[in-house]
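To keep things clear, I will list the structure first and then write my remarks on it.
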Amino acid sequence: MTLDDVIGELRSGMTIGIGGWGSRRKPMALVRALAASAVSGLTVVSYGGPDVGLLVAAGKVRRLVTGFVSLDSIPLEPHFRRAREHALIELTELDEGMLHWGLLAAAHRLPFLPMRAGLGSDLLRVNRELRTVRSPYADGEEFVAVPAVPLDAAFVHMNRADAGGNGQYLGPDPYFDDLYCLAAQRAYLSCERIVPTAELLAAGPPQSLLINRAMVTGVVETPRGAHFTSCVPDYDRDEAFQARYAGSAGDPEAWRDFTAEFLSGTEADYQAAVARFTAASLAGRTGDGVTDGPRA
Amino acid sequence: MSRGQPTLAEICVVACAEAWRGDGAILASPMGVIPTLGARLAQLTFEPELLLTDGEATLLAPVADGLVTEGWLPFRQVFTLLAAGKRHVMMGASQLDRFGNQNISCIGDWARPRAQLLGARGAPGNTVNHPVSYWVPKHSRRVLVDRVDMVSGVGYDRAAGLTGRSGRFHELRRVVTNLAVLDFGGPDRSMRLRSVHPGVSVSDVADATGFLLTAPYQVPQTRLPTEAELALIRNRLDPQARRDRELAGR
């Protein structure tokens, strides 16, 4: 599939789950395409990072379901922050583990799963739909009944995949990408490189094949498609670019400039603009080294 | 290099390390530079069985000349380990009240906050499943408040109000700040001053605290780092002195 093919299958008002974690292995090419589309009024489910930021900035998000939104090396996501402080989006604020449980419940086609997290906290105050449940066994203990978080569509990004939808992560953490796929009616997998099935094990062991083709609707090859989040071992987070993104996000005029420079064209246009940004900042840094004294 | 008086940051590192004393083979999850140095120091000295990650999914164990991989702990396994109770986390707090209710979600009305912060993260689950401590790099009335705007992490009064045995895994160990070490040995498990750092008086702490603090008649001084601990902090764990930056400008 192409990015446009994927976006063509989505509709306004859908619930979209986005894999990865914070500013790590996010399906950013799919997110950029969604942000540039006519689709709107979305419920977004995510361990949030710049995916949430970009979609919020593009006005696509009606409700966010999350445990946090962070850029990792920059703790607060500026678009999310602004949207909350101006009450521009609805929020379902969950404990991180509750979101895991909600996705697992949806994947297992259960209405809820019991959990201790949330008891005594204000999550039960701000999320009025949350209920508790009493154990039917002798212990009689009370738990939060974490509701399933079913998705209309899921986006995940893998290091490698074959054309049939077998996906491989090569970094340290699978995050919850398999659960996003299983919780969704339609799951779209983007990857750094599509390889023949026979070559999947050249890069990593069988247990790195997190996603199988029973879980996936379509595959898109998007080289550097997680940029500017990390996609190790293919590439680290682009901290210089992330700093540029976060710096632009605080100010409407700077954000218009950022959008014009990076987000007004296709994915190929974006990658070309990033390459220009990187070349320019490398040139600047070399200049510093020549004229300045030693740096810490 | 290990000569010279301990700095405030080094005293805080040791005070954080002490939080994990006696924990054995559980996952220590420190949030922030000084708690991380404290956990690593505890592991290198009096609490060698502690498990620690690289901040992502790899468990790293100390050997003579550095750290080696001893295991794999992706987020899904962290969630399982924490629900099993085999973890002691030291979190930060944007607000913390006298019973240890912690807020990292937002300041002001939740529906339209004056300042949106991180979100609840793992605080609700952590606090009802395993021991939790807090690190407050700037002890002030803005942080140590009479009432938090949102309860992300559960305090002792909330835990006591849970039905039946639901609160039985709740345990807040200690609060380490740039002024003092506190615990929850006060009336009804409220916060109590346990020691003050060198050069800090009890009234300094009381003035910087937004609620009435319990204190013993004689408040001891926080334990100073030993020569061996200073050498480990300065030469092995933090030769770049990142510990100073966490306190600088606060």
Side-chain angles (χ1 to χ4, degrees), chain A residues 21 24 47-48 64 66-70 72 75-78 80-88 90-91 93-101 104 115-127 132 134-135 139-144 169 171-176 178-179 230 232 296, chain B residues 53-58 72-80 82-83 92 101-129 148-155 157-170 240:
Chain A
W21 176 284
R24 306 176 200 182
Y47 289 100
L64 175 67
T66 192
F68 63 87
V69 185
S70 172
D72 292 312
L76 300 178
E77 213 296 333
F80 166 66
R81 182 169 196 174
R82 181 173 175 279
R84 281 282 290 146
E85 291 169 7
H86 292 80
L88 303 177
E90 296 170 35
L91 177 67
E93 181 172 348
L94 300 176
D95 169 270
E96 292 167 359
M98 289 170 82
L99 180 49
H100 173 213
W101 240 215
L104 186 65
M115 190 176 217
R116 210 166 267 119
L119 293 174
S121 80
D122 275 347
L123 294 184
L124 295 174
R125 171 174 66 87
V126 301
N127 299 300
T132 58
R134 193 170 293 280
S135 167
D139 58 276
E141 199 172 329
E142 192 175 42
F143 297 95
V144 174
Y169 79 104
D173 199 316
Y175 309 118
F176 301 92
D178 49 339
L179 294 182
S230 72
V232 291
Chain B
T53 72
D54 61 350
E56 294 201 32
T58 305
W72 181 57
L73 203 70
F75 283 117
R76 61 183 69 195
Q77 289 209 34
V78 174
F79 293 163
T80 302
L82 85 81
N101 293 292
Q102 169 242 31
N103 175 17
I104 49 172
S105 294
C106 64
I107 302 296
D109 178 16
W110 182 88
R112 184 173 180 165
R114 199 157 68 245
Q116 173 65 42
L117 306 171
L118 292 170
R121 296 223 66 153
N126 293 344
T127 45
V128 294
N129 278 301
V148 300
D149 293 346
M150 160 102 181
V151 176
S152 314
V154 177
D157 55 341
R158 294 283 194 112
L162 294 176
T163 54
R165 308 196 311 142
S166 288
R168 70 189 183 281
F169 302 123
H170 178 270
Q240 310 285 329

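The chains referred to below are lettered A, B, ... by the order of the sequence lines, with proteins before strands, and numbering in each begins at 1. Any value given below was found using the heavy atoms of this structure, including those in side chains, with hydrogens, waters and symmetry copies removed.
- In terms of heavy-atom proximity, A:Leu123 sits nearest to B:Pro124 at CD1-CG, 3.5 Å.
- A distance of 8.0 Å separates CG of A:Asp173 from CD of B:Glu56, quoted to the nearest 0.5 Å.
- Taking the side chain as every heavy atom from C-beta outward, B:Arg112 and A:Arg84 never approach each other to under 4.5 Å.
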Test log, rule side chain to side chain contact (heavy atoms under 4.5 Å, CB included), inputs A:Leu119 and B:His170: CA-CA 11 Å; A:Leu119 293 174; B:His170 178 270; over 6 Å; no
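- Contacts of A:Val126 with chain B are made by both backbone and side-chain atoms, with heavy-atom separations under 4.5 Å.
- Annotation: the span from A:Phe68 atom CZ to B:Leu117 atom CG amounts to 15.0 Å, rounded to 0.5 Å.
- Between B:Trp110 and A:Glu93, some side-chain heavy-atom pair lies under the 4.5 Å cut-off.
- Of the possible polar contacts, one joining the B:Arg76 side chain to the A:Tyr175 backbone as a donor-acceptor pair under 3.5 Å is found.
- When side chains are defined from C-beta on, B:Arg158 counts as touching A:Asp122, because their heavy atoms get closer than 4.5 Å.
- Listed options B:Gln102, B:Arg165, B:Arg168 were ranked by heavy-atom pairs under 4.5 angstrom with chain A; first place goes to B:Arg168.
- Note: B:Ala115 leads B:Ala115, B:Ser152, B:Gly119 in heavy-atom pairs under 4.5 Å with chain A.
- Between A:Trp21 and B:Phe79, the two ring planes are tilted [angle within 30° to 60°].
- Residues B:Ala111 and A:Ala87 come closest through the heavy atom pair O-CB, 4.2 Å.
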